[in-house]
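Structure, as structure tokens:
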Amino acid sequence: SSAEVESGSGPDLSRWRCRFCAFESGLDGRFGLGIGLAFDDAYRFGTGTGLDSEGAFLSTTLSLTKWGEGASYYTLDAGKLGTDAGGVFLDGGVQGKYRLRLSYDQTPYRLNNSGASPFLGVGTGNLSLPGSWQTTGNARLMPDLAATLKNVAIGHDRKTMALGIEFGSGHNWTHALQYRRRDKDGLQPYAGGFLTLSTVLPAPIDYQTDLIQASTAYTAANWQARLGYYGSFFSNANPLLQWDNPFNPLVAGADQGVLARPPDNDFHQFSLAGNYRWGRSTRLTGNIALGKATQNEPFAPYTVNTQLAGTPLPAASADARLDSTLFSGAARLNGKLSRKLNFKAYVRKQERDNKTPIYALQPVITDVYQSGTRFNRPFSFDKSQYGLDLRYRLTGPIRVSAGLEREDYERDFQEVRKTTEDKVWLKLSAQSGEVVGIGFSLRREDRDGSGYRPVSMLDPPENPLLRKFNLADRKRDLVSANIDVDPHPSLSLSLRGDYSSDEYPQSVVGLNESTDRTITLDASYSPNARISTHGFVSRQTIDYLQTGDSGSLWQGTGEDRFVTGGFGIDLRSEDNQRQLQFQYTRSDSTGKSAIAPGTTAVAFPDLSADLETISISFISAFHERYSAKMRYQYERYHSRDWSIEGVSQATIGSVLTLGEFLPNYTQQVLWLELVRNF
Amino acid sequence: SEDEASARDYTRTGADTCLRCHDETSEFPVLEIFRTRHARAADSRTPFAGLQCEACHGPGDAHAGRVRGDEIRPAIPYFGPNSPASAAEHNEVCLGCHRAAASLEWPGSAHEASDTQCASCHRVHARRDPVMATATQTEVCLGCHVSLRADIYKPSSHPLRQGEMACASCHSAHGSFGEHLLRTAEVNQTCFDCHAEKRGPHLWEHAPAAEDCRLCHKPHGSNHPALLTRRAPQLCQQCHARAGHPSVAYTTAGLPDKAANAALLSRGCVNCHSQVHGSNHPSGANLSR
């Protein structure tokens, strides 16, 4: 259309004055400032909200645009300022020339703050016990435990700073460069043991990742190409975690241990992507990416047990190198074979070529005993997918789609050298105007392996009856159906069901079968532009059956069931000066499991997690430039979990835990703001 | 199509014709577009530097013309109720300007194959397009992907419902070279963008973790800690059945009120084998250092 205007072939624009066009200039948007109040301490509620404790906080809304001269603009958006989840986003530049983006964003993850540990130095890589600590052989008998426990809060803050620039050169070139620095700080539970005795440690998270993305792209009428680079540089301030053994040493000298924490690593990837179009509809799209991951963190000694130390390491570090070669969509060709028939043929290839040297190592297992020589097993794999999809428009709105795919996996150091999975699918869909749409799809996947052979380097050997579920022969069936009905322009109903079933016919031991069934009803009703309502209800059941072998076969079963529903109402006044929104959601999750060591199954207590949220917000414009905003949120989380309930620090005599309680909470939050509209 | 439109198919006064009806009181108010970057006449690429509303909606003279009482007003060619254009034709309107930014991976992608329109997700007239903001994007995606709505409320989930992550944190709606429209061609590379500490490569690898995070984790939400598909010891025992403690049937006899068992309670197997993502310790062969 711009070409039409420029060439003069378009309409006569002499009368197109845009007199009614309300172009913005100057400052546009809104700025709100007020106070918020969290009614309770609710640590887990702080995930993503930053509101983990009772008290007042600053409530802000910031969404401003400064329209400058010509085509320049600057936008400033911010949310949750005044909490640990705040973020600020700046975006600006001159349209058609360059664009700059700068942001700082925090995300808190709050898991559980009810645990406690006797260790000193929490937050560092060296955890020591109080000088008075007396070791015993059983956590239940530790005399100093109760008096030395100090609270630890499990969770972390993720802080991301990002800077990006995009610009064009010439008519067809675009270039982009983005730099991000991401810091994670906090604590996570991490276990360190001495053979049969273990301790759950409050391990420090002090990670920093620098990420660089750069691309340059060329766009022509019938083809595009993009050259890209992605770099990730991860560093951990505490690559080792040393701790005092709170138990009696099992052997002389085993009074301290050292764990390796995530090692520093670098990743570089160069990619070239493009597409080419023949005629109106046939297109070839492809991508090739070459990557390299390296990790060269200095090794810890085999042991810090002075009685067992002394064996020299074969190298100062792993000198780990991973070359990944990706050919993805290198032959993704799609287009029309006829007016009614579309096709897509594709190839994806992924190669993980692990070039880490194989070392002859003399591990000292958990600082307690010297094992024999062990060799590391650098894991490599090749994954290839080849597929063909066809879509045919039968008559009018009825469409039939079908596809085939073969997926080959070749792996090193695994029980199955090669697996081949054949997939076939069929989908029917029909649309009757804008009133009724239906869809139905079937998918069958059949995976066979090249033969299951125990990995010879393992000692003791794996159970020969076991079939690991990612390597085992598998038959997978997926069925889904949906119906969307809009009986009236104001009413929309959607019903969807999904079923998937995995069966592992050769797996005597291991995962035998699993199924996943979901049904969802979604509805919305908007009788006019001022009223809209919506609701949904969903039920999902995931279950599995597995078999173990402890001399005789035993069976384990599990079922996770989720029932989730909610509804919301959005009301606006006729003059659009007031808006009321209400949202209610409830999610009930249940987990059942049972073990049948013989003929009788023994059921575990149910796991459960009930989440209930209510949100009400009201905005009233009481002046041309000012409005008042109120929001209230109620959230209740109640869970039962037999792996945590009743497990204090000393309950498991052989494991000194953090002894957390269930992170249940009820939280209410109120926000009040005065908003200035620009 | 627009190519075939003649000059007389356009309105006589452009946007002024449209805005006579489409003001803030109309059923389809449009004025908010003047608070967006599409309405910048100084940028020669934008609609308002050219054919204004009709740059995107197509020639509107028939739609804007007079209709008799019993006549149905002709639909606007693009982006209006009952617009006759196909999804691909609608999308070509957008790609006419946004080809460089949005179309490299689009051909043959899942959304293209399902006739998804740009306007199915994007609200061009909104001052802030909800799908372009992390806090509001998820709700847009869930409008079609209804069966995933329940996932964000599961006990273990990424912080999507709090607006701290969005679907685009992992997925690329405009197409990708990976499966499930993941942003990267490899599943794990998508995860490592945030979880770089898991990348290794480690001296002692746990092969499933290096192969595909989804073998043990359900990224959309789970009933078990850390988005695990199941919890220890059952999850671990689906691949580990060697003689000794990996093969034991851990029953309710190991609950806290009985003989509290380390393989069952607290973190289960991970109470000792904490390095489930791989270990870089020379003595980490059994992933406990």
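In what follows, chains are A, B, ... by sequence order, proteins preceding strands, each numbered from 1.
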Proximity breakdown for [X] and chain A, heavy-atom pairs closer than 4.5 Å:
| X | value |
| --- | --- |
| B:Val270 | backbone |
| B:Thr229 | backbone |
| B:Ala101 | neither |
| B:Thr36 | backbone |
| B:His273 | neither |
| B:Pro282 | both |

Whether [Y] and [X] form a salt bridge (side-chain N of Lys/Arg under 4.0 Å from carboxylate O of Asp/Glu) is what I want to check.
| X | Y | value |
| --- | --- | --- |
| A:Glu24 | B:Arg40 | no |
| B:Glu186 | A:Arg352 | no |
| B:Arg128 | A:Asp77 | yes |

Contact part of [X] toward chain B, heavy-atom cut-off under 4.5 Å: side chain, backbone, both or neither?
| X | answer |
| --- | --- |
| A:Glu645 | backbone |
| A:Val364 | both |
| A:Thr219 | side chain |

Report yes or no: do [X] and [Y] form a side-chain donor-acceptor pair below 3.5 Å?
| X | Y | result |
| --- | --- | --- |
| A:Tyr109 | B:Glu164 | no |
| B:Arg37 | A:Tyr73 | yes |
| A:Ser63 | B:Arg127 | yes |
| A:Ser643 | B:Arg231 | yes |
| A:Asn265 | B:Glu197 | no |
| B:His240 | A:Asn463 | no |

Given the rule in the ring pair (Phe, Tyr, Trp, His ring centres under 6.0 Å) test, do A:Phe23 and B:Phe48 qualify, once you have shown the distances and angles that lead to the verdict? CA-CA 10 Å; A:Phe23 292 114; B:Phe48 283 86; 5.7 Å; yes

Identified side-chain contact (heavy atoms from CB on, under 4.5 Å) counterpart of A:Ile595 within the set B:Val248, B:Leu264, B:Thr251, B:Thr252: B:Thr251

Candidate pair B:Glu105 and A:Asn275, rule side chain to side chain donor-acceptor pair (under 3.5 Å), full reasoning: CA-CA 8 Å; B:Glu105 291 100 340; A:Asn275 67 30; over 6 Å; no

List for me each residue that meets side-chain contact (heavy atoms from CB on, under 4.5 Å) alongside B:Arg12, sequence neighbours excluded, and say none if there are none.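 B:Arg12 satisfies side-chain contact (heavy atoms from CB on, under 4.5 Å) with A:Arg15 once adjacent residues are dropped.
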
